[in-house]
Protein chains: 2
Amino acid sequence: MESHYKNHQSSEVPAVCRVCEARHGGVCGTLTPAQLFELNRHSTRRKIDAGNELIGQGELVSHYSNILSGVIKLSKMMADGRQQIVGLQFAPDFLGRPFLCESTMTAEAATDTEICTFPKSLIERLANETPDLERRLHAQSLKELDEAREWMLTLGRKTAQEKVASFLHMIATHIDPENGEQNTFDLPLSRADIADFLGLTIETVSRQMTKLRKDGVIRIENNRHVTVPCLERLNAAAGND
Amino acid sequence: MESHYKNHQSSEVPAVCRVCEARHGGVCGTLTPAQLFELNRHSTRRKIDAGNELIGQGELVSHYSNILSGVIKLSKMMADGRQQIVGLQFAPDFLGRPFLCESTMTAEAATDTEICTFPKSLIERLANETPDLERRLHAQSLKELDEAREWMLTLGRKTAQEKVASFLHMIATHIDPENGEQNTFDLPLSRADIADFLGLTIETVSRQMTKLRKDGVIRIENNRHVTVPCLERLNAAAGND
DNA sequence: CGCGCTCTTGAGGAGTTTCAAGAAATGTGG
DNA sequence: CCACATTTCTTGAAACTCCTCAAGAGCGCG
């Protein structure tokens with residue numbers, strides 16, 4: 001490994017990064033080959049099984065991560081156990097809250113996930129050197145802000161039916177369809193997670209899914225596998241125009 | 001005016017900025033005197049009466065603003081008229097969505113407001129020159145993101161009672177108290193606005209305010225004027241730990 | 001003083017939750 | 001590969017929260 005780093009030409013990007021799924025969409029895309037090498041030297045790839053916690057509410061944040069594959073859920077919990085998912089991050093999103101030491105929420109793998117982790121301090125130094133990186137991080141924050149506000153509208157003003165349809169529509173447009181032809185995918189979240197995301201109970205989510213199925217807006221197989229024959233109908237059920 | 005600008009020494013900040021309420025908290029704080037002069041030349045102060053719209057959903061964003069005084073509400077509307085307030089901005093917050101041309105929401109003055117406006121292009125150029133400014137804008141985005149996620153928990157998982165108490169607690173801690181002794185303030189929002197903020201109806205907000213009053217958690221005069229004898233009791237009513 | 005506006009209060013009803021049970025999918029060990 | 005246990009999801013009935021509709025009270029204003 002050592003020699004590998006010593007021999008590189010500064011115009012080449014590290015081999016690991018060259019084949020990395022998140023390389024262009026992710027936050028590393030703005031870095032120079034030399035910076036990538038430095039980042040690479042301090043980064044580790046990790047697999048995280050569904051349900052495992054990356055970081056807990058109130059813990060110290062020492063690392064940032066790029067999501068290479070899978071879905072991460074960010075959630076907040078009240079003292080009495082009520083829980084709300086406040087964000088879903090898909091590959092190749094960047095995970096971590098700049099400028100803050102203590103996490104205000106829990107990050108947990110919703111599906112089996114692969115991430116690339118690096119120390120907070122290193123990213124912050126690179127961001128100082130590289131305005132493009134700083135801007136990229138800023139852009140991601142703004143994207144998350146837009147999404148959060150979109151969900152505030154959903155949480156505050158939509159009916160259970162519209163909430164569930166909105167969720168399915170979001171997933172349908174964020175997950176790569178397995179099948180080019182039709183819009184078909186596996187839900188990355190359990191009914192309990194969906195409920196926590198939409199501010200509903202499991203039972204209500206289930207009932208609304210059943211209703212959407214009976215109305216022909218979606219098809220469901222094995223509970224997790226969903227097909228959307230017509231995205232526009234789903235969008236209409238979600239209350240969007 | 002012309003001569004004023006010609007005669008300045010580059011180490012002095014413009015007179016208007018020197019007495020500006022938002023100078024240090026706001027986004028201008030990071031700029032050099034020379035940059036402040038340039039910004040100042042292209043900026044205008046405006047007063048906006050309560051209820052007036054700054055920018056509408058779907059309109060083009062050509063200007064950014066610093067809020068000098070007052071409260072601005074950011075809201076989203078559905079096709080059928082249902083509305084949700086997705087953010088409240090207090091002086092000296094910065095108003096505007098970097099990197100985006102079309103506004104995804106409406107910005108409206110909740111109270112009589114004074115702002116300082118400048119063209120989007122100028123701020124973006126200054127942000128390129130000044131990493132500190134870019135970082136300041138980033139920090140503000142992150143603050144808004146944190147607030148949005150906090151409200152997602154409120155919208156999704158709290159009861160009407162807790163929602164109203166949460167709102168009052170937020171206002172109590174964001175508005176400068178008129179009176180050093182006790183926590184007393186004028187609500188910047190009407191019952192209708194509060195309802196749109198909390199995902200409730202006017203009637204429910206009213207009922208919960210009455211209940212909080214009868215329980216002795218708050219005192220109300222003239223509908224708008226609120227006193228909080230004990231912030232901790234209010235916080236408890238809001239469901240926070 | 002009457003008019004309009006905002007806020008409050010009440011009664012009834014719709015939508016969601018709660019509680020409880022059953023069905024379907026998933027995993028385990030023989 | 002099949003019984004059995006476990007988890008996840010669905011369905012039903014009753015209860016409760018919040019909404020809708022309706023009327024009245026309080027306040028500012030011409």
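Chain letters run A, B, ... following the sequence lines, proteins first, then strands; residues in each count from 1. Here the structure is a predicted model, which is why all the values come from computation and not from measurement.
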Plane angle bin for B:Y64 and B:F94 - parallel if under 30°, tilted between 30 and 60°, otherwise perpendicular: perpendicular
Judged by nearest nucleotide, the residue sitting upstream toward the 5' end of DNA chain D, A:R157 or A:V205, is A:V205
Taking all non-hydrogen atoms of both residues into account, name the closest pair between A:K163 and A:G199 and its distance. NZ-O, 4.0 Å
Would you call A:R157 and B:D196 a salt bridge, using N to O less than 4.0 angstrom? yes
For the pair A:S166 (side chain) and A:E162 (backbone), establish whether a donor and an acceptor sit closer than 3.5 Å, ignoring hydrogens and angles. yes
Salt bridge check: are B:E150 and A:K76 linked by an N-O gap of less than 4.0 Å? yes
Between B:E144 and B:R149 (salt bridge meaning N to carboxylate O under 4.0 Å), is one present in this structure? no
In short, the helix from C:dC1-D:dG30 to C:dG30-D:dC1 is bent end to end, axes from five pairs each side, to 10°, by 30°
Kindly say if B:R224 contacts the phosphate of C:dC7, meaning a side-chain N or O under 4.0 Å from OP1 or OP2. yes
In residues 210-218 of chain B, what residues come within less than 4.0 Å of DNA chain D, judged by heavy atoms? none
Using side-chain contact (heavy atoms from CB on, under 4.5 Å) as the criterion, point out the one residue from A:L68, A:N66, A:I115, A:T117 that pairs with A:R45. A:L68
I'd like to know if A:D112 and A:K47 make a salt bridge, using a cut-off of under 4.0 Å between side-chain N and carboxylate O. no
